[in-house]
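See structure below.
Below, all heavy atoms of this structure are taken into account, side chains as well, without hydrogens, waters or symmetry copies. Quick note: residue numbers are just sequence positions, from 1.
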Amino acid sequence: MRSDLMKSGVDRIPHRALFRALGLTDEELSRPIIGVVSAKNEIIPGHMHLDKISEAVKAGIRMAGGTPIEFPAIGVCDGIAMNHDGMFYSLPSREHIADSVEIMANAHPFDGLVFIPNCDKIVPGMIMAALRLNIPAIFCSGGPMMPGSANGKQVALTDAFEAPGAVRTGKMTEAEAAEIVEHSCPGCGSCAGMFTANSMNCMTEILGLGLPGNGTIPAVESQRILLAKHAGMKILDLIKDDIRPRDIVTEKAIKNGLAADMALGCSTNTMLHLPAIAHEAGLEFDLEGVNAVSDSVPHIVKLNPAGVHCLVHLNNAGGLSAVMKRLDGMGLIDPTAKTVDGSWADRIAKAEIMDEDVIRDREHAYSQTGGLAVLYGNLAPDGAVVKKGAVLPEMMVHSGPAKCFDSEEDCCRGLYAGEVVAGDVVVVRYEGPKGGPGMREMLSPTAALAGMGLDSSCALVTDGRFSGVSRGASIGHVSPEAAADGLMAYIKNGDIISIDIPNHSIELKVSDEEIAKRKAEIAPQPPKKVSGYLKRYRAMVTSANRGAILDDSSF
């Protein structure tokens, strides 16, 4: 066993003395030692119950003959970190999480790992660590939050973020907003729509690293506790059979993940995290090939913020196994891809589609193409990403004058000052991986546009990124970014930007001669002064089209 490195033989007498200080018996030390990586904390609503998930996982490990040892991972709540300096740290935390798990699992050679994440960057950070370490591992997330009810309708976090714009423009009273504050996030779990947390929890299940239900069983249901116990038991099987994360996350799994991503209309952040996950698995990720998948896969599940359903409705409709069953029936996935409990063929054989409205067939799909698209053109020669499943039909093709802002804060001030009018293309630059640094989410501007009723006539283009809560013609990840001398740095107010989502195009309608002249005359904005972790992150981070991974090629 791998754990013999820290517990067996004469030379490990001092090590066993330290284990005895933890209260571990000889019998416990003789069993496989399983690291339980829990992101439990008291600041993220999706994590406040993870102690109960962890206890269930540990019970499952003990039932199957293993010895669990828990250690923590940090986490950032993107919602609470939004629209202030805290958001600079969200994406960078992904790398820190992966590094910290690597450190813990190599300093203390566990035989296997059970990961307990739930929100935003914690999920991909842990997946990256699992693939980097490549020892037997399984995931059990904390599960999604239930939707709430306020002002006579179903509500979720989307409604809370759009409320400020609605109040400022008189579309909502402060009393109605107070109801949303009280009831839009009714309890524990990752926020109820297909936002980044749930997108990545679903992706973990699709990639095969979590048991069926990992992405959809609500946090408050006892089925989530049962799932955790089964995950704890399953890790011992994975150790016995020596099944490792890189045996599961193969090219087949990544392709299945992309197909499911398009069918579900996941967050645009998956287009940051999948390349980073593929990199850790030693696989190539073809961003340009994303559109080919999108063009062939119908958008058959539409969840909040794009639709009326939430994760609980998808779970009740049969969950992700039912979605994969639907896609398999269309010949759009490879059912031979491995999972922690066999293959997708095994899961599909047991799956049943329980609600034809939630999981639609091709004939009744919301769109015959997928929920995400990658746009190219002179403004984004290396690509830009849009959640087209959340774009209104009238905004799928749009051309309008640019209204430029050099930060998220400047954009919000301009919006509330009335500087943006119907038809504009709002440009928010110097918010990319290096320029931010940290590629902040532009949820506050997109929510303001929606709350002010401008999402049906204005687009927003940024080298930053978007929360899964964002909706509308929100085009992010523009690469190269402004801080890397991308064309974003040279746009002027009034320049026409043409967006054609169906044809995967984004163009700045300015001549090459004028662009060359501007590059000679305009000095790019100097980088923001940062220190500590952000300074190190900026020095190493790559472009969004590469997943904003850290460049270690010089080491």
Side-chain angles (χ1 to χ4, degrees), residues 37 73 90-103 105-106 113 115 117 120-135 137 139 196 199-204 206-210 244-261 266-293 337-338 372 374 382-385 432-434 436-439 463 465 476-477 479-481 484 536-555:
V37 192
S90 173
L91 183 59
S93 74
R94 185 188 71 180
E95 318 308 314
H96 180 90
I97 291 162
D99 290 348
S100 66
V101 174
E102 177 192 359
I103 289 168
N106 279 331
L113 295 170
F115 290 89
D120 295 324
K121 311 310 161 292
I122 298 95
V123 187
M126 286 186 174
I127 295 175
M128 290 163 66
L131 289 164
R132 190 184 300 174
L133 290 160
N134 202 33
I135 61 176
F139 282 68
T196 304
S199 293
M200 290 310 302
N201 282 331
C202 288
M203 192 60 62
T204 304
I206 297 294
L207 291 175
L209 293 172
R244 303 176 181 231
R246 291 193 186 188
D247 298 324
I248 295 170
V249 181
T250 61
E251 188 175 337
K252 288 181 185 178
I254 295 292
K255 288 182 177 178
N256 282 352
L258 277 174
D261 196 328
C266 291
S267 165
T268 51
N269 280 312
T270 59
M271 290 300 102
L272 273 178
H273 301 319
L274 276 178
I277 288 166
H279 174 76
E280 294 290 354
L283 302 170
E284 294 293 325
F285 187 90
D286 179 17
L287 188 65
E288 291 189 30
V290 168
N291 286 330
V293 178
K338 288 184 178 180
L372 294 178
V374 181
D382 294 332
V385 181
K434 287 185 180 294
M439 206 177 181
D463 50 10
R465 60 192 177 92
H477 306 195
S479 302
E481 60 178 294
R536 299 196 300 274
Y537 180 83
R538 169 183 277 160
M540 296 180 65
V541 72
T542 62
S543 180
N545 65 300
R546 294 182 58 192
I549 60 172
L550 300 186
D551 184 3
D552 57 5
S553 60
S554 61
F555 298 162

**Prompt:** Any side-chain heavy-atom pair from Phe115 and Val101 closer than 4.5 angstrom?
**Reply:** yes
**Item:** Closest non-hydrogen atom pair, Leu91 against Gly438
**Value:** CB-O, 3.4 Å
**Asked** How far apart are the closest heavy atoms of Lys121 and Ser93, and which atoms are they?
**Response** CB-OG, 3.7 Å
**Prompt:** Going from CG on Leu207 to OG1 on Thr250, what distance comes out if it is rounded to the nearest 0.5 angstrom?
**Reply:** 9.5 Å
**Prompt:** So do the side chains of Lys255 and Lys252 get within less than 4.5 Å of each other, counting heavy atoms only?
**Reply:** no
**Request:** Measure the CD1-CD1 distance between Ile122 and Ile97 for me, rounded to the nearest 0.5 Å.
**Result:** 5.0 Å
**Prompt:** Short question: side chain of Thr542, backbone of Asp551 - any donor-acceptor pair under 3.5 Å?
**Reply:** no
**Request:** Classify the side-chain pair Arg465/Ser90 by whether it contains a donor and acceptor separated by less than 3.5 Å.
**Result:** yes
**Item:** Within-4.5 Å side-chain heavy-atom neighbours: Met126 and Leu113
**Value:** no
**Prompt:** Would you say Leu274 and Met203 make side-chain contact, with heavy atoms under 4.5 Å?
**Reply:** yes
**Asked** At what distance, to the nearest 0.5 angstrom, does OH of Tyr537 lie from CE of Met439?
**Response** 8.5 Å
**Request:** Check whether any side-chain heavy atom of Val385 sits under 4.5 Å from a side-chain heavy atom of Val290, and report yes or no.
**Result:** no
For a quick test of your reading: what N or O donor-acceptor pairs under 3.5 Å do the side chains of residues 127-135 make, sequence neighbours left out?
from	atom 1	to	atom 2	distance (Å)
Arg132	NE	Glu280	OE1	3.3
Arg132	NE	Glu280	OE2	3.4
Arg132	NH1	Asp99	OD1	2.8
Arg132	NH1	Glu102	OE1	2.8
Arg132	NH2	Glu280	OE2	2.9
Asn134	OD1	Arg246	N	3.0

**Request:** Can you see which heavy atom on Arg538 is nearest to which on Pro437, and at what distance?
**Result:** NH2-CD, 3.4 Å
**Request:** Give, for atom CG of Asp261 and atom SG of Cys202, the distance between the pair rounded to the nearest 0.5 Å.
**Result:** 10.0 Å
**Asked** Can you pull the side-chain hydrogen bond (donor to acceptor under 3.5 Å, both in side chains) pairs that have at least one residue in residues 283-292, sequence neighbours excluded?
**Response** none
**Asked** What residue among Thr270, Leu372, Val293 forms side chain to side chain contact (heavy atoms under 4.5 Å, CB included) with Leu258?
**Response** Val293
**Message:** So His273 and Asp120, do their side chains get closer than 4.5 Å, heavy atoms only?
**Reply:** no
**Asked** For Asp463, what residues pass the side-chain hydrogen bond (donor to acceptor under 3.5 Å, both in side chains) criterion, not counting sequence neighbours?
**Response** none
**Asked** From Ile277 CD1 over to Ile254 CD1, what is the distance, rounded to the nearest 0.5 angstrom?
**Response** 6.5 Å
**Asked** What heavy-atom pair brings Thr196 and Ser267 nearest, and what distance separates the two atoms?
**Response** OG1-OG, 3.0 Å
**Prompt:** Within the distance-only criterion (no hydrogens, no angle test), does the side chain of Lys434 pair as donor or acceptor with the backbone N or O of Val541 below 3.5 angstrom?
**Reply:** yes
**Request:** Could you tell me whether a side-chain N or O of Ser543 sits under 3.5 Å from a main-chain N or O of Ser479, the two making a donor and an acceptor?
**Result:** no
**Prompt:** How close do Ala544 and Leu272 get, heavy atom to heavy atom, and via which atoms?
**Reply:** O-CD2, 3.6 Å
**Request:** Please report the closest heavy-atom contact between Glu95 and Ala548, naming both atoms and the distance.
**Result:** OE2-O, 4.0 Å
